[in-house]
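Working notes, beginning with the structure itself.
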Amino acid sequence: MATLPSAAPAVPNLTLSLLSDLTPPSLERTWFTAPHPTLPLVATCSSDRTVRVYSLTNFRLLSTISGGHKRSVRACAWKPNVSGESVLATGSFDATVGIWRRWDNYEETVATEKGQTIHVTRQEDGEGGVGDEDEDEEWRFAVLLDGHDSEVKSVSWSASGMLLATCSRDKSIWIWEDLDDGDNNFETVAVMQEHEGDVKCVAWHPAEEALASGSYDDTIRIWREDIDDWGQVACFRGHEGTVWGIDWEGLETVPSASNINPSREEEEWKRWHTLSGPRLASCSHDRSVRVWRRQPKTPVGGLGAGAIPSIIRPSGTEEIWEEDAILPHAHELPIYAVAWSRRTGLLASTGADGRLVVYEERFAASSDAQATDIDAKFVDPVGVNATSHLATEWSIVAVVNGAHGIYEINHVAWARRADRGRDETQEEEVLVTTADDGSIKVWTLRW
C-alpha cells in the first residue's frame with residue numbers, strides 16, 4: 001500500500017460540533033443522505049427499505065417513502081430543476097431503480113417551519129407506522145426502471161435533470177432519459193460495461209453532461225456522449241483499492257488566499273479553472289483522498305501564431321486527467337465517502353473508522369523572492385502553460401473521532417439549512433452523516 005502524506009496540524013479556531021440528530025432515526029443501517037438542491041431538506045435511505053425526508057430547520061421527519069423496493073435502498077437523489085412537485089430516484093439492492101413523485105412540493109411546509117408555527121407533514125409513531133393519516137401529500141411510486149442484474153449502488157441526476165445515471169454490482173452503468181411526457185416514461189440511452197468490477201459510485205459534472213464513476217477495479221472513469229453514442233473519454237488510476245466515493249468541485253470555489261496578493265491569486269485561479277473545469281475528489285479502500293484535474297485543451301496563456309505545443313494531445317473526445325493532490329492522511333480504515341462543498345471549497349471525508357474529517361485548500365505560501373512575482377507560484381509539471389496553475393496545499397482543519405460512537409459511517413454530505421425566522425441570506429451549510437446504527441447526525445462548523 002502506498003505511503004500517504006502525514007496529517008497537517010488542525011487549525012485551532014475551527015470547531016466541528018454536533019448540532020442535532022434527525023429524529024426519529026431508522027432502526028436499521030442508513031446508507032446515504034441526499035440534500036435537496038434548493039430547500040433545507042435531506043432524504044436518507046436505509047436497510048429497512050425506506051427513504052425518509054427530514055427538515056433541517058427543526059430536524060424532524062417530514063415523510064417516509066416505502067413500498068417500492070424489496071431490499072435495502074442503497075442510494076437516492078433529488079431531481080433538479082423541478083417546479084410544482086418533488087421527484088426522487090432510488091437505487092436498491094433488489095437491482096431496481098425507482099422514481100417517486102410528490103405532486104405538491106415541500107416549499108409551503110418549509111415556509112411554515114420558518115414562522116412561529118411548526119407544521120410537520122408526517123411523523124412516524126412509536127410502532128413504526130404513520131401518525132398522520134392525511135394521504136394528500138403522500139409520495140407515489142411513479143415507475144420502476146429495470147435492467148441491472150445485481151445490486152444498484154448509486155444514482156445521480158444530471159445538472160439539467162433530464163438524464164439519470166445508475167450503477168451496479170453487475171459492473172455496468174446505465175443512463176436513462178426522462179422523456180418528461182407526463183406518463184413517467186424513461187428511455188435507456190446508454191449501457192457502459194468497461195469497468196472490470198462493481199461500480200460503486202456515479203456523479204454528474206455540475207454543469208456539463210459528463211459523468212464520473214468509481215469502481216471495485218480501483219479506477220475512475222469519465223464518460224461523455226459523442227455523436228449520439230456514450231463512451232469513455234478518460235480512465236485514471238492512482239488508488240490502490242476500491243474507489244468508494246467521488247464528488248465534483250463547485251464551479252466558483254476558490255482556495256483560501258495567502259497574504260501575498262489575494263485578488264491576483266483569485267484572478268489567476270479563476271482563469272485557469274475556466275479552462276480546466278471543476279476537479280474531482282475521490283476516496284478509497286486504500287485510506288486516501290485524492291483530487292484529480294483535467295488538462296485544459298487550450299493553453300492558459302494562449303499559443304502564439306505558428307507555435308507548437310510541447311506535448312502531443314489526443315484527438316477526438318479523449319481527455320487527460322492528472323492527480324492534483326493526495327490529501328493528508330487522516331483515516332486508519334477504508335474511506336467510504338467524500339463531499340466537496342460547492343460554497344466554501346472545504347472537503348469532508350468519513351468511513352469505516354467512524355472518523356469525520358474536514359480539509360481546507362490554501363494557496364501555497366511564497367518565499368520573499370517570489371512575493372513580487374505571482375507567476376513564480378505556478379507549477380508546470382510537463383512544461384506547457386496549458387497545465388500551469390497556482391500551487392495549493394491541503395491541511396486538516398477539523399476532526400471528530402467516533403462521530404457515531406463505535407459504528408461505521410457510510411456517507412457524508414454538505415447541506416443547506418436555516419433557523420426558524422431567519423431569511424434566506426442567513427442560511428448556513430452543515431454536514432450530515434449517516435451510519436450503521438441508523439442515526440443521522442447534523443454537524444456545524446464554526447471559525
*Where the side chain of Thr274 meets the backbone of Lys270, is there a donor-acceptor pair that is under 3.5 Å apart?*
yes
*Polar contact flag, side-chain donor to acceptor under 3.5 angstrom, Arg290-Ser288*: yes
*Could you check if a side-chain atom of Ser46 sits within less than 4.5 angstrom of a side-chain atom of Trp31, using non-hydrogen atoms only?*
no
*State the CG-OH distance between Asp436 and Tyr407, to the nearest 0.5 angstrom.*
8.5 Å
*Does His69 reach the main-chain N or O of Arg71 with its side chain, forming a donor-acceptor pair under 3.5 Å?*
no
_Is any side-chain heavy atom of Leu41 closer than 4.5 Å to one of Tyr54?_
no
*Do any N or O atoms from the side chain of Ser55 and from the backbone of Thr57 form a donor-acceptor pair under 3.5 angstrom?*
yes
*Quick check: does any side chain N or O of Asn410 sit under 3.5 Å from a backbone N or O of Gly351, one acting as donor and the other as acceptor?*
no
*Asp217 (side chain) donor-acceptor with Glu196 (main chain) under 3.5 angstrom*: yes
*Could you check Glu85 against Arg101 for salt bridge (charged side-chain N to carboxylate O under 4.0 Å, His left out), going step by step and ending with a plain yes or no?*
CA-CA 7 Å; Glu85 65 174 338; Arg101 296 183 182 275; 2.9 Å; yes
*Roughly how far, to the nearest 0.5 Å, is the NZ atom of Lys200 from the NZ atom of Lys153?*
3.5 Å
*Just by distance, do the side chain of Asp170 and the backbone of His148 share a donor-acceptor pair under 3.5 Å?*
no
*Fit a plane to each ring of Trp244 and His285, take the angle between them on a 0 to 90° scale, and name the class: parallel (under 30°), tilted (30 to 60°) or perpendicular (over 60°).*
tilted
_Shortest non-hydrogen contact from Ser158 toward Pro80_ = O-CG, 3.4 Å
*Whether Trp248 and His205 hold their rings parallel, tilted or perpendicular, with breakpoints at 30° and 60°*: tilted
*Residue from Val412, Val400, Val442 passing side chain to side chain contact (heavy atoms under 4.5 Å, CB included) with Leu431*: Val412
*To the nearest 0.5 angstrom, please state how far the CD atom of Glu225 sits from the CD atom of Glu208.*
13.5 Å
*With side-chain contact (heavy atoms from CB on, under 4.5 Å) as the test, would you mind laying out the steps for Leu347 and Val338 before giving the verdict?*
CA-CA 7 Å; Leu347 266 171; Val338 61; 3.6 Å; yes
*Is any side-chain heavy atom of Val189 less than 4.5 Å from a side-chain heavy atom of Trp174?*
no
*So, the side chain of Asn401 versus the backbone of Gly354: is there a donor-acceptor pair under 3.5 Å, distance only?*
no
*Among side-chain atoms of Trp100 and Thr90, is any donor-acceptor pair under 3.5 angstrom?*
yes
_Positive for side chain to side chain contact (heavy atoms under 4.5 Å, CB included) with Thr33, one of Thr433, Leu22, Val432_ = Val432
*asked:* So that I can tick it off, tell me whether Glu322 and Arg293 are bridged by a salt bridge, with the cut-off set at under 4.0 angstrom between side-chain N and carboxylate O.
replied: yes
_Steps toward side-chain contact (heavy atoms from CB on, under 4.5 Å) verdict (Glu408, Tyr336)_ = CA-CA 9 Å; Glu408 294 188 357; Tyr336 293 150; 3.2 Å; yes
*Could you tell me the separation between the CG atom of Asp21 and the NE2 atom of His404, rounded to the nearest 0.5 Å?*
7.5 Å
*So, the side chain of Asp218 versus the backbone of Thr242: is there a donor-acceptor pair under 3.5 Å, distance only?*
yes
*Please confirm whether the backbone N or O of Gly241 pairs with a side-chain atom of Ser284, one donor and one acceptor, at under 3.5 Å?*
yes
*Report yes or no: does Thr350 contribute a side-chain atom to a donor-acceptor pair with the main-chain N or O of Ile409 at less than 3.5 Å?*
no
*Measure up the Trp292 and Phe236 rings against each other and bin them: parallel (under 30°), tilted (30 to 60°), perpendicular (over 60°).*
tilted
*Could you check if a side-chain atom of Leu356 sits within less than 4.5 angstrom of a side-chain atom of Leu16, using non-hydrogen atoms only?*
yes
*Could you check if a side-chain atom of Val357 sits within less than 4.5 angstrom of a side-chain atom of Ile396, using non-hydrogen atoms only?*
yes
*Evaluate the side-chain proximity of Arg416 to Glu428: yes if any heavy-atom separation is below 4.5 Å, no if none is.*
no
*Residues Lys441, Asp437: salt bridge by 4.0 Å N-O rule*: no
*asked:* As an exercise, state the distance from CG of Leu163 to CG of Asp178, rounded to the nearest 0.5 Å.
replied: 9.5 Å
*Quick one: pull up CG in Leu56 and CG in Leu62 and give me the separation to the nearest 0.5 Å.*
9.5 Å
